[in-house]
There are 2 protein chains.
Amino acid sequence: MNLSPLNERFVLHFGEMGSRWGVNRTVGQIYAVLFLSPEPMNADQIVDALGISRSNVSMGLKELQSWRLVKLIHQAGDRRDYFETPKDVWEIFRTLAEEKRKREIEPTLTLLRDALMETPLDEAERHAQQRMREMHQLIELATGWFDEVQRLSPDTLENLMRLGARVQKVLEFASFLRPGKDGKD
Amino acid sequence: MNLSPLNERFVLHFGEMGSRWGVNRTVGQIYAVLFLSPEPMNADQIVDALGISRSNVSMGLKELQSWRLVKLIHQAGDRRDYFETPKDVWEIFRTLAEEKRKREIEPTLTLLRDALMETPLDEAERHAQQRMREMHQLIELATGWFDEVQRLSPDTLENLMRLGARVQKVLEFASFLRPGKDGKD
DNA sequence: TCGAATTTTCAGAAATTTCTGAAATATTAA
DNA sequence: TTAATATTTCAGAAATTTCTGAAAATTCGA
């Protein structure tokens, strides 16, 4: 691996984390290298940095593009493909959330909706459906909320997060806004 | 697999999803079976339901316990260990978030903090550190906020989520609460 | 159109992860 | 205690995933 010690540790760590996030080690490493790089990199530069095969890099980049975590760009007067990661970490966070949603949440919601349409055959199925209903409600609520939050501008979003300990206080106002619906505490 | 068609589809789906969440298929399936079951189950019942080996079930249950996603309980007059999943889906969500944090976020923060302590040797390292700093800030902000939200009661939390489209409006009040610090929009 | 440069594909090899059965260990009722 | 019951461990087998090199496909300047 052809990286400074500082970068190497980061890249190795992201390799490990990658596997926990549903991509393989190499894909995590390619992302990490691009994330740290001051300039876009082409595939051969990544091969050189990580010491893996050219074809592996090609497949990894495909995967990262499908996650919209890297962008393909061209340099003037150079036929090769260059890649970079979006600069804004907020944007990255958002993209990741959207993709996770598309790949994990939506299929689960579809499954749950289908299951809830069926007529339970016995007491066990009735109970199973009740559990699925609870899960469905939780996911709908959480993702619906996430949608709303995501619709905010990055500034507003950062703002919201910085509120921190004030959430409680804000909720008091919120309940004031909608008398009779929430306002439990 | 010894399950009603309704339950089988759910269990298979959770097997697939499990692998995307850092546990293997079997672990996901064991969790799903327990989640749907009206009563706690012992290991042999799980073997029967899923058609996998006893030892595999034993290992899977260990893993799920380490995630605090299943609880070990005992039935009066029965030596065998029984398992169940926590009833409240909110609690499950919270537990999962805590464990993910401990296993993924904290190690990453530690790595980033260490890297940021080092003196950059050249321009490339200076840039890499700057990227790491941005990532560090984002994670600190997001998890700090998550901590605050998590401290709320489940009722309040549900409340907060139901606010949905009101977040924008609430923020106006929030900025009013802290004049001069936020209030950008 | 040709051909050099570049990227992608894919079959099989290599590595890793998961799973099993058998043996070891632990628990408890009698 | 002992013996029956229950759980865990773990080495090797099986399955799956990842990786590579070679070949195929694509792109584009001349």
Side-chain angles (χ1 to χ4, degrees), chain A residues 1-2 11-34 40-67 70-84 103, chain B residues 1-2 11-34 40-67 70-84 103:
Chain A
M1 198 171 278
N2 211 352
V11 167
L12 290 175
H13 180 83
F14 263 69
E16 299 311 314
M17 282 308 151
S19 7
R20 304 203 172 197
W21 270 73
V23 298
N24 70 44
R25 196 171 348 135
T26 312
V27 172
Q29 291 180 354
I30 294 173
Y31 180 78
V33 161
L34 289 173
M41 294 172 79
N42 65 44
D44 285 322
Q45 291 172 320
I46 298 171
V47 165
D48 187 48
L50 296 177
I52 59 181
S53 74
R54 181 65 183 71
S55 54
N56 202 0
V57 170
S58 178
M59 291 186 296
L61 286 169
K62 271 279 141 67
E63 168 105 18
L64 286 168
Q65 281 173 280
S66 86
W67 280 90
V70 308
K71 279 193 292 215
L72 166 64
I73 52 177
H74 285 108
Q75 312 271 27
D78 192 334
R79 275 173 63 178
R80 287 168 295 181
D81 293 346
Y82 282 76
F83 299 88
E84 66 177 13
R103 293 161 193 238
Chain B
M1 198 171 277
N2 210 350
V11 166
L12 290 176
H13 180 83
F14 263 69
E16 299 312 314
M17 282 307 152
S19 11
R20 303 202 172 196
W21 270 74
V23 299
N24 69 43
R25 194 171 350 137
T26 312
V27 172
Q29 291 181 353
I30 294 174
Y31 180 79
V33 161
L34 289 172
M41 294 173 79
N42 65 43
D44 285 321
Q45 292 172 320
I46 298 170
V47 165
D48 187 49
L50 296 179
I52 58 179
S53 74
R54 181 65 184 73
S55 53
N56 203 359
V57 170
S58 177
M59 292 187 295
L61 287 168
K62 272 278 140 70
E63 169 103 19
L64 286 168
Q65 281 174 281
S66 85
W67 280 89
V70 308
K71 279 194 290 213
L72 167 63
I73 53 177
H74 284 108
Q75 311 272 29
D78 192 332
R79 277 172 60 178
R80 288 168 294 181
D81 293 345
Y82 282 75
F83 298 89
E84 67 178 14
R103 292 162 194 238

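Below, chains carry the letters A, B, ... as their sequence lines are ordered, and counting in each starts from 1. If you're wondering where the values come from, they're calculated on a predicted model, not measured in any experiment.
Listed here is the closest heavy atom pair of A:Val23 and A:Trp67: CG1-NE1, 3.8 Å. Residues A:Ala49 and A:Met41 approach most closely at CB-CE, 4.4 Å, considering heavy atoms. Shown here for B:Gln29 and B:Gly15, the closest heavy-atom pair between the two residues is CG-CA, 3.8 Å. A:Phe14 and A:Ala32 get closest at one heavy-atom pair: CB-CB, 3.6 Å.
The nearest whole Å value for the distance from the CG atom in A:Leu64 to the P atom in C:dT8 is 13 Å. The CG atom of A:Asp78 sits 9 Å away from the P atom of C:dT7 (whole-angstrom rounding). When the P atom of D:dT18 is taken as reference, atom NZ of A:Lys62 falls 18 Å away, rounded to whole Å. D:dT20 atom C1' lies 13 Å from atom CZ of A:Arg54, rounded to whole Å. Taking atom CD of A:Glu63 as the reference point, atom C1' of D:dT17 lies 12 Å away to the nearest angstrom. Remark: P of D:dA15 and CD1 of B:Ile52 are 15 Å apart, rounded to the nearest angstrom. Between the C1' atom of C:dT6 and the CD atom of A:Gln75 lies a distance of 15 Å, rounded to the nearest Å. Remark: P of C:dA13 and CG of A:Asn56 are 18 Å apart, rounded to the nearest angstrom.
Between the side chain of B:Gln45 and the backbone N or O of B:Asn42 there is at least one donor-acceptor pair closer than 3.5 Å.
Nucleotides of DNA chain C nearest to A:Ser58 and A:Arg25 differ in position, and the one nearer the 5' end is that of A:Ser58.
In this model, the phosphate group of D:dT5 is not approached by any side-chain N or O of B:Arg80 to a distance below 4.0 Å at OP1 or OP2. Within the structure, a side-chain polar atom (N or O) of A:Asn24 is placed less than 4.0 Å from OP1 or OP2 of D:dC19. Listed pair B:Thr26 / C:dC19 meets the phosphate criterion, a side-chain N or O lying under 4.0 Å from OP1 or OP2.
Counting non-hydrogen atoms under 4.0 angstrom, B:Asp81 reaches the backbone sugars and phosphates but no base. Using a 4.0 Å heavy-atom criterion, one finds that B:Asn42 contacts no nucleic acid atom at all.
The environment of CZ in A:Arg25 is sparse: at most 12 heavy-atom neighbours from other residues, nucleotides or ligands sit within 6.0 Å.
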Quick one, A:Met1 with A:Leu12, criterion side-chain contact (heavy atoms from CB on, under 4.5 Å). Give me CA distance, side-chain angles, the key distance, then yes/no.
CA-CA 10 Å; A:Met1 198 171 278; A:Leu12 290 175; 3.8 Å; yes
Distances for protein N or O near nucleotides 22-29 of chain D N or O, under 3.5 Å:
from   : atom 1 : to      : atom 2 : distance (Å)
D:dT27 : O2     : A:Arg79 : NH2    : 2.5

